[in-house]
Amino acid sequence: MKKILERIEEELKESFAACGYEERFGKAVLSNRPDLCEYQCNGAMAAAKAYKKKPIDIAGQVVEKLKGSPAFSLCEAVMPGFINLTLDEGFVAEYMNQMAEDGRLGLEKAKEPQTIVVDYGGANVAKPLHIGHLRSAVIGESIKRMGQALGHHMIGDVHLGDWGLQMGLIIEELRDRKPDLPYFQEGFAGEYPEEAPFTISELEEIYPAASRKAKFKPEEGREAGMSQEEIQAKEKESEAFAHRAHLATRRLQEGYPPFLAIWNHIMRVSKADLEKNYGNLAVSFDLWKGESDAQKYIPDLIKDLEQQGLAYESQGALVVDIGEPGDSKELPPCIVRKSDGAALYATSDLGTIIEREKDLHPDAYIYIADKRQELHFTQVFRVAKKAGFVSKDMPMSFLGFGTMNGKDGKPFKTRDGGVMRLEQLIGDINEAVYQRIMENRTVSEDEARGTAKLVGLAALKYGDLSNQAAKDYIFDIDRFISFEGNTGPYILYTIVRITSILSKYQELGGREAEGVILPAGSEAEKGLMLQISRYQEAMEAAFVERAPHKICQYIYELSNEFNRFYHNTKILGEEDKGKQRSFIRLIALAKDVLNACIQVLGFEAPERM
Ligand code: ARG
């Protein structure tokens, strides 16, 4: 369906043309004086310059022509040359009926669907999922779903960090704990066991322990009351362990079979756990690829960069310059190989691009990661284009997000100052919502638990997505779970309220959503219709700008409009049956639009709450 704004502009363009002016002046925007009108056109001002006339004269002429249009109940030319527009109730009602009839609520599919890779999640295998990864998962999932809603072929790839030092740390820690395992027997010739030498909870404990062991700090020893000698001995031990971990990482990366076998165990155990965690967030990926998958492309890509004369030696490392004439500051070159030959983050990303080009042929790439990785992505994108790994005009965008802070304005921590684990965070939110639901205890404990899960997820995701992604935000559990204000639970509450009216209506013998939506009879009703009519605009703008917060803004306003209408109108008490059917159909449409939007944000509404 055409957007309501397009319909308005069609009328404007026709009138401009009929008065002998170019059509392009017939642009409309939302009114910035909602007390005076709903939309406005500022085109007469621009036309005045082109035609050397007074803006108000042009506006007056256009308004005369517009008077015959079925779209407007009021159009006025006001000084210095604005055209104020108020939509006709019948025209808006007709638009509502078309949306209600259309299986997609009027949302058009892209005429040329694109294949778009969304790189998000980015968990690091065997390290606990912490809230830094929350944002990437939540934002990425929403962008992927927006694209899908608009008919694009979105491919979500989790791009695991699965090829780094954590693997060497785990291998060496495992050797210290279980030296008898066959992986550590030189010359072992048998089959390696099928079963992993650890469970997920052991694995989760092994990595932090190994990481601490490799980074012993003398202060810690002093605090623990160690003697100077003990501290020195411990430091030596720590260094030796770190060295072993580096070596083990290198051997793994070179394909040493026993370490590859351990690596496979780590991957299997860890992936299963990640899937569960992402599942709890209603986040799912089409591809579970990782840095390790990129490795086989690296030797050739480095050769290619060298042959093209792009890569050169600098202080023992191999680098590619990425500076471009328009840069406001000098950007450091991209390091593609370190002096010790080890694999690098940027090189893995380049290898991944080569693989994606080969396997997926994308039309565009979107990466979602912490905004502190901006330089990294600039380097990777520029090298990829310079070297022709992707076409020069390939849209590659990096969506960098800010930090989630606690109420003290510092990165969010647990009560004892540790890194907050995602599972715990979700648990805390669900518990808080559960308590709130139980305060007015109208449902069973079981139902309250189930509802708390849905509402908790909405609180968490909406709390995140309603902020512009690049901004830091404050994680405020009390505010996020509030049923009032710009929150997820408020949106759900609105949907649940509509559900409840619809089922009462059915209990009273009415049938849901039939009949015709009639022209609005009140200002509140019209306000609700106008907001519903902007659904397609909101979705498209949010996708083009990669801005889920625009959908949040849209449904917040839609919920406000619905609630205003609800408080103004007797719906179930309406005696005129035709009017009542129209109300019911309208609020059912509002509910469908709200549901479609929260689906894209990645959460859903309970039946009641
Ligand atoms: N694993 C990375 C991290 O934890 C994020 C990965 C982002 N995606 C990418 N293609 N580099 O920081």
Side-chain angles (χ1 to χ4, degrees), residues 116-141 143-144 154-167 169-170 204 207-208 211 249 263 266-267 270-271 273-274 277-278 281 283 285-295 297-298 301 322 334-336 343-357 359-360 362 364-385 389-390 394-404 411-412 419-422 469-470 546:
I116 304 177
V117 171
V118 192
D119 180 312
Y120 70 110
N124 298 319
V125 168
K127 298 193 197 175
L129 258 193
H130 60 79
I131 52 173
H133 291 113
L134 171 73
R135 299 211 68 191
S136 177
V138 168
I139 298 169
E141 181 72 18
I143 297 212
K144 181 188 76 182
M154 308 298 283
I155 304 175
D157 182 2
V158 63
H159 197 77
L160 296 173
D162 60 0
W163 206 235
L165 182 61
Q166 82 262 41
M167 297 299 179
L169 285 165
I170 293 169
E204 282 183 340
Y207 169 73
S211 163
T249 310
W263 180 82
I266 300 176
M267 289 300 283
S270 189
K271 264 191 197 170
D273 187 56
L274 281 171
N277 274 299
Y278 281 127
L281 280 175
V283 167
F285 299 95
D286 305 288
L287 297 175
W288 281 79
K289 294 256 172 188
E291 292 173 1
S292 62
D293 293 290
Q295 302 312 312
Y297 301 96
I298 291 181
L301 89 81
I322 58 147
C334 180
I335 307 178
V336 291
L344 278 166
Y345 190 40
T347 327
S348 290
D349 266 322
L350 288 168
T352 304
I353 289 173
I354 290 180
E355 179 174 56
R356 287 173 178 164
E357 286 293 305
D359 294 347
L360 311 170
Y365 291 80
I366 305 174
Y367 292 77
I368 294 124
D370 191 303
K371 69 179 172 199
R372 284 168 291 191
Q373 298 195 17
E374 166 134 42
L375 175 61
H376 163 77
F377 283 103
T378 305
Q379 291 175 321
V380 168
F381 297 166
R382 287 195 180 177
V383 173
K385 289 187 178 182
F389 299 156
V390 298
M394 172 65 78
M396 301 186 102
S397 53
F398 169 59
L399 183 60
F401 51 79
T403 309
M404 176 166 141
F412 197 77
V419 177
M420 179 62 116
R421 304 259 313 253
L422 190 55
R546 317 284 189 237

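Numbering of residues begins at 1 and proceeds along the displayed sequence. Remember, it's 1-based here, ligands and their atoms both numbered in the order they're listed. No experiment lies behind these values; they were computed from the predicted model shown.
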Could you walk me through whether K144 and E141 pass the salt bridge (charged side-chain N to carboxylate O under 4.0 Å, His left out) test, one step at a time? CA-CA 5 Å; K144 181 188 76 182; E141 181 72 18; 3.3 Å; yes
Return the CD1 to OH distance between I353 and Y367, rounded to the nearest 0.5 Å. 4.0 Å
Any idea which of L160, N124, V125 brings a heavy atom closest to atom 1 (N) of ligand 1? N124
Tell me, which pairs form a salt bridge (Lys or Arg N to Asp or Glu O under 4.0 Å) where one or both residues lie in residues 346-355, sequence neighbours left out? K289-E355
Those residues at least two apart in sequence (or on a different chain) that pass ring pair (Phe, Tyr, Trp, His ring centres under 6.0 Å) with H133 are H130
Backbone or side chain, does any N or O of I368 fall under 3.5 Å from an N or O of ligand 1? no
If you measure only the distance, is there a donor-acceptor pair under 3.5 Å linking the side chains of S348 and Q295? yes
Among the heavy atoms of Y120, does any lie under 4.0 Å from an atom of ligand 1? no
Among all protein heavy atoms, pick the one closest to atom 8 (N) of ligand 1 and tell me residue, atom and distance. D119 OD1, 3.1 Å
For Y345, take its heavy atoms, then give the atoms of ligand 1 lying under 4.0 Å from any of them. 2 (C), 5 (C), 6 (C), 7 (C), 9 (C), 11 (N)
Could you tell me if any non-hydrogen atom of H133 lies under 4.0 Å from any atom of ligand 1? yes
N or O pair under 3.5 Å between Q373 and ligand 1: yes
Does any N or O in the side chain of D157 come within less than 3.5 Å of the main-chain N or O of D119, such that one atom is a donor and the other an acceptor? no
Give the atoms of ligand 1, by number and element, whose distance to some non-hydrogen atom of Y367 is under 4.0 Å. 10 (N)
Would you say the ring centers of F285 and Y278 fall short of 6.0 Å from each other? yes
Among protein heavy atoms, which lies nearest atom 10 (N) of ligand 1, and at what distance? D349 OD1, 2.8 Å
